[in-house]
Number of protein chains: 2
Amino acid sequence: MTSEENRPRRVIGRAGSYEKGVARRQEILERAAEVFRERGADGTSLRRIAAMIGVSHAALLHYFDSREQLLVAVYEHAESQRDTSGEVADSAVDVLVKAAMINIGVPGMVELYTTLVASALAAEGTPSNEFFSHRFARIRTELTERFTEEQAAGRLREDVEPADMAALLIAASDGLQIQWLLEPSVELERTLETFSVLLAPTS
Amino acid sequence: MTSEENRPRRVIGRAGSYEKGVARRQEILERAAEVFRERGADGTSLRRIAAMIGVSHAALLHYFDSREQLLVAVYEHAESQRDTSGEVADSAVDVLVKAAMINIGVPGMVELYTTLVASALAAEGTPSNEFFSHRFARIRTELTERFTEEQAAGRLREDVEPADMAALLIAASDGLQIQWLLEPSVELERTLETFSVLLAPTS
DNA sequence: GTCTATACGAAGATAGAC
DNA sequence: GTCTATCTTCGTATAGAC
């Protein structure tokens with residue numbers, strides 16, 4: 001639920017190096033994202049997405065091996081779009097807070113995320129498993145580096161492990177978004193920001 | 001993913017006040033839980049569970065209104081069993097750490113939990129939505145009370161909101177269990193316990 | 001109350017024609 | 001590259017036996 005980098009993208013699904021295929025692929029991802037925004041990840045079948053684009057559901061499977069792969073691609077695409085790729089000046093906590101606030105503003109995003117994480121837990125080697133294993137690992141690494149720097153700069157307390165705090169912060173952000181969706185009285189932003197207080201150096 | 005109380009249980013699904021029905025209902029829940037342990041929440045259709053018990057899949061719908069309701073009941077049943085209902089002496093953090101460690105030891109449990117949370121996000125009024133909304137609210141309340149007590153006793157720093165910390169701790173526990181399943185090198189226990197350090201009074 | 005049999009519609013996936 | 005047709009499995013609903 002956080003940042004994506006702007007290096008050459010690893011494409012999920014068939015390459016589709018030809019112009020029409022590439023354009024079609026983009027269109028599918030964007031129309032599919034629309035369907036999710038309006039109807040959630042549940043009522044969103046291949047057939048429904050296909051109907052909304054005006055093709056048969058089999059056509060979608062020409063670009064993606066399976067429904068799951070399409071869902072992962074949609075999530076990745078949506079995430080990569082809405083992300084100014086993290087002002088370097090911000091603290092680790094601030095980066096996550098901003099990402100979370102944007103995230104809960106997009107209807108269906110947390111639901112899609114949670115759905116895919118659930119299927120990632122089901123079996124190894126599946127598209128969602130591969131994607132989220134790598135995603136978690138990458139974000140943990142990024143945050144660990146930030147925390148390590150902050151510790152060196154005296155902006156983070158010394159008695160915690162940067163790697164542990166990275167995993168903890170991601171977990172807290174993910175979990176709080178879910179709780180907020182189920183009960184908006186949960187103070188997502190304030191709570192996440194409290195993390196800064198907890199992590200402040202013990203002077 | 002935490003504690004359940006031992007008050008008279010609210011039964012999900014039909015009451016089944018007759019002896020045979022009650023026993024059957026129990027058997028269904030336990031056999032269904034087995035299927036989840038072995039095959040995960042994905043390949044687990046009503047028909048498969050029914051076949052494993054030796055009944056028709058329609059029979060399951062005599063006890064539960066829908067597949068989703070059955071899943072919720074299975075989760076609730078499994079959770080209520082493995083839970084000595086939280087040594088009162090423990091700190092709030094310790095309670096969650098213990099629950100989390102037990103949880104990740106049961107195959108399929110986190111997957112079932114995450115699957116149901118995902119469907120809880122999909123629509124209001126569904127069985128999973130009702131269950132998890134109440135569950136989160138209940139656990140937050142329990143933890144908030146504990147934190148408030150700890151603050152009064154001088155065992156918790158003063159500059160945080162007990163209610164915020166309750167939501168944060170639950171979120172961290174849920175999220176870390178997921179990350180641990182995808183990457184066991186994530187130090188679930190140590191990381192969660194670090195929370196105690198973060199929350200210690202600023203002396 | 002408990003359960004089987006059966007039917008329906010929707011879903012993901014595949015094969016093969018164009 | 002896209003379609004139609006088809007297969008299998010699924011959740012759900014109903015009718016009716018015991």
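Phosphate contact (OP1/OP2 of D/dC10, side-chain N/O of B/Ser45, threshold under 4.0 Å): present. Residue B/Tyr63 has a polar side-chain atom (N or O) positioned under 4.0 Å from OP1 or OP2 of C/dC3. In this model, the phosphate group of D/dT2 is not approached by any side-chain N or O of A/Ser56 to a distance below 4.0 Å at OP1 or OP2. Side-chain N/O atoms of B/His62 include one lying less than 4.0 angstrom from OP1 or OP2 on C/dT2. Taking only side-chain nitrogens and oxygens, B/Arg47 never comes nearer than 4.0 Å to OP1 or OP2 of D/dC10.
Proximity of A/Glu130 to A/Pro127: side-chain heavy atoms (C-beta onward) are nowhere separated by under 4.5 Å. Within the 4.5 Å cutoff, no side-chain heavy atoms of A/Leu61 are placed close to those of A/Arg67.
Summary of the strand contacts: A/Arg67 and B/Val55 both lie near DNA chain C, and taking for each the nucleotide with the nearest heavy atom, the more 5' one is attributed to B/Val55. Each of B/Thr44 and A/His57 lies near DNA chain D, and the nucleotide nearest A/His57 is the one positioned closer to the 5' end.
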Pair A/Val186, B/Phe136 - check side chain to side chain contact (heavy atoms under 4.5 Å, CB included), show working. CA-CA 11 Å; A/Val186 172; B/Phe136 276 119; over 6 Å; no
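In the helix from C/dG1-D/dC18 to C/dC18-D/dG1, the end axes, each obtained as the rotation axis mapping the C1' atoms of four pairs onto the next four within a five-pair block, lie 0° apart to the nearest 10 degrees.
Regarding A/Leu61, its CG atom lies at a distance of 12 Å from the C1' atom of C/dA11, rounded to whole Å. Residue B/Ile49 contributes atom CD1, which lies 17 Å from atom P of D/dT9 at whole-angstrom precision. The CG atom of A/Leu70 sits 12 Å away from the C1' atom of C/dG12 (whole-angstrom rounding). Atom CG of B/Leu46 is separated from atom P of C/dC3 by 15 Å (rounded to the nearest Å). Between the CD1 atom of A/Ile53 and the P atom of D/dC3 there is a distance of 10 Å, given to the nearest Å. If you measure from atom CZ of A/Phe64 to atom P of C/dA13, you get 13 Å, rounded to the nearest angstrom. In this structure, CG of B/Asp65 is placed 10 Å from P of D/dT12, rounded to the nearest angstrom. Summarising the geometry, the separation between CG on B/Asp42 and C1' on C/dG12 is reported as 13 Å, rounded to the nearest angstrom.
With B/Ile53 as the partner, the side chain to side chain contact (heavy atoms under 4.5 Å, CB included) test is satisfied by one option alone out of B/Glu27, B/Arg48, B/Glu34, B/Glu30: B/Glu27.
In this structure a side-chain-to-backbone donor-acceptor pair under 3.5 Å is missing from A/Glu76 to A/Val72. In this structure, A/Thr141 contributes its side chain and A/Ala137 its backbone to a donor-acceptor pair below 3.5 Å. A donor-acceptor contact shorter than 3.5 Å is absent between the side chain of A/Glu187 and the backbone of B/Asp164.
Contact annotation: side chain of A/Arg24 to base of D/dG1, donor-acceptor pair absent below 3.5 Å.
Separation of the B/Tyr113 and B/Phe132 ring centroids falls under the 6.0 Å cut-off.
Separation of atoms CD (B/Glu150) and CE (B/Met165) is listed at 12.5 Å; rounding is to 0.5 Å. Rounded to the nearest 0.5 angstrom, A/Glu142 CD and A/Ile170 CD1 are separated by 9.0 Å.
Looking at heavy-atom distances under 4.0 Å, A/Ala59 makes contact with sugar-phosphate atoms alone, never a base.
A heavy atom closer than 4.0 Å to some atom of DNA chain C occurs in no member of residues 29-41 of chain B.
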